[in-house]
Novice: 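What follows is a single structure, and I will ask about it in a moment.
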Amino acid sequence: MSVLMDREQIMQIIPHRDPFLLIDEIVEMELGKRVVALKYIKEDDFWFKGHFPEKPVVPGVLMVEMLAQAGAVAMLSMDEYKGKIGLLAGVDKAKFRRMVVPGDVLRLEVEIIKVKGPIGVGKAVASVDGEKAVSCEITFAIK
């Protein structure tokens, strides 16, 4: 699988920075329509110090944020949105199906299903080795 964007290129599009830039690579993208990003889950990721020290598990809300960041790359790469930011405006139909742990590679897929003015909705799925970890609909506002 080839990498379309690495972290440095992602940071040229979305304003997130360490420790809160939560995607590592973009591997597929159709501007404003769909994106596939990867997050390599590492033992030293900041949240594992407290969630949970004896049994490290990626918090579900952070996986939703990873999906939102991936979706933001697909939208903010478009000429009309360059230099803007995407804000999370809602999360619907969220389901958490599988634990995600150090060593996993989280595949983050977002399909933009509706855009009306600065507001849009993305259908999002995060998976590990083809097994769904999280699915949800993300509503976003571009400012």
Novice: Is the count of non-hydrogen atoms from other residues, nucleotides or ligands lying under 6.0 Å from Met99 atom CE greater than 12?
Specialist: no
Novice: Check for me, please, whether Val121 and Met63 land in the same ILVMFWY cluster - side-chain distances under 4.5 Å, paths through other members count.
Specialist: no
Novice: Would you please test Leu38 and Leu108 for side chain to side chain contact (heavy atoms under 4.5 Å, CB included) and show each step?
Specialist: CA-CA 6 Å; Leu38 299 178; Leu108 307 155; over 6 Å; no
Novice: Do Met5 and Val3 touch side chain to side chain, with heavy atoms closer than 4.5 Å?
Specialist: no
Novice: May I ask whether Ile14 and Met78 are part of the same hydrophobic cluster, defined by side-chain heavy atoms of I, L, V, M, F, W, Y residues being less than 4.5 angstrom apart, directly or through others?
Specialist: yes
Novice: Do the side chains of Glu111 and Lys123 get close enough for a salt bridge, i.e. N-O under 4.0 angstrom?
Specialist: no
Novice: With hydrophobic residues grouped by side-chain heavy-atom distances under 4.5 Å, do Ile138 and Val115 end up in a single group?
Specialist: yes
Novice: Shortest non-hydrogen contact from Leu62 to Phe20?
Specialist: CD2-CE1, 4.0 Å
Novice: Can you tell me how far apart CD (Glu30) and OG (Ser77) are? Round to the nearest 0.5 Å.
Specialist: 13.0 Å
Novice: With rounding to the nearest 0.5 Å, note down the distance linking CD1 in Ile23 to CG in Leu106.
Specialist: 11.5 Å
Novice: State which residue, out of Leu67, Val125, Val110, fulfils the side chain to side chain contact (heavy atoms under 4.5 Å, CB included) condition with Cys136.
Specialist: Leu67
Novice: Say you draw a straight line from CG of Asp24 to CE of Met66; how long is it, rounded to the nearest 0.5 Å?
Specialist: 9.0 Å
Novice: Walk me through it: do Ile112 and Met75 pass the test side chain to side chain contact (heavy atoms under 4.5 Å, CB included)?
Specialist: CA-CA 9 Å; Ile112 307 303; Met75 292 303 296; 3.8 Å; yes
Novice: What do you reckon, is NZ of Lys33 surrounded by more than 12 foreign heavy atoms closer than 6.0 Å?
Specialist: no
Novice: With Val58 as reference, evaluate Asp104, Asp45, Val100, Leu22 under the side chain to side chain contact (heavy atoms under 4.5 Å, CB included) test and give the passing residue.
Specialist: Val100
Novice: Go through Leu21 and Ile10 one step at a time and tell me if the side chain to side chain contact (heavy atoms under 4.5 Å, CB included) criterion holds.
Specialist: CA-CA 9 Å; Leu21 176 61; Ile10 291 167; 3.9 Å; yes
Novice: Between His16 (side chain only) and Gln69 (backbone N and O only), is there a donor and an acceptor less than 3.5 Å apart?
Specialist: no
Novice: Got a donor-acceptor contact below 3.5 angstrom from the Arg17 side chain to the Met11 backbone?
Specialist: yes
Novice: Grab the two heavy atoms, one from Gly86 and one from Leu76, that are nearest each other, plus how far apart they are.
Specialist: N-CD1, 3.8 Å
Novice: Looking at Lys116, I want to see if its NZ is surrounded by more than 12 non-hydrogen atoms of other residues, nucleotides or ligands under 6.0 Å.
Specialist: no
Novice: Give me the atom names and distance for the closest heavy-atom approach of Ala68 to Leu88.
Specialist: CB-CD1, 4.3 Å
Novice: Would you say Val57 and Val128 are hydrophobically clustered, going by side-chain heavy atoms of ILVMFWY under 4.5 Å?
Specialist: no
Novice: For residues Arg97 and Ser135, report the shortest heavy-atom separation together with the two atoms involved.
Specialist: NH2-OG, 3.4 Å
Novice: Got more than 12 heavy atoms from elsewhere within 6.0 Å of CD, Glu43?
Specialist: no
Novice: What closest approach, in Å, do Ala70 and Ala37 show between heavy atoms, and which atom pair accounts for it?
Specialist: CB-CB, 3.9 Å
Novice: Is it true that Arg7 and Asp18 make a salt bridge, defined as a side-chain N closer than 4.0 Å to a carboxylate O?
Specialist: yes
Novice: Quick one: closest heavy-atom pair of Phe48 and Pro56, and the distance?
Specialist: CD2-CB, 3.4 Å
Novice: With salt bridge (charged side-chain N to carboxylate O under 4.0 Å, His left out) as the rule and sequence neighbours excluded, what pairs involving residues 84-96 come up?
Specialist: Lys93-Glu137
Novice: Determine, step by step, whether Phe140 and Ile85 satisfy the side chain to side chain contact (heavy atoms under 4.5 Å, CB included) criterion, reporting the C-alpha distance in whole Å, the side-chain angles of both residues, the deciding distance to 0.1 Å, and the verdict.
Specialist: CA-CA 10 Å; Phe140 57 88; Ile85 62 169; over 6 Å; no
Novice: Applying the 4.5 Å side-chain criterion to the ILVMFWY set and letting contacts propagate, would Val105 and Val27 be lumped into a single cluster?
Specialist: yes
Novice: Under 4.0 Å between a Lys/Arg side-chain N and an Asp/Glu carboxylate O for Arg34 and Glu28?
Specialist: yes
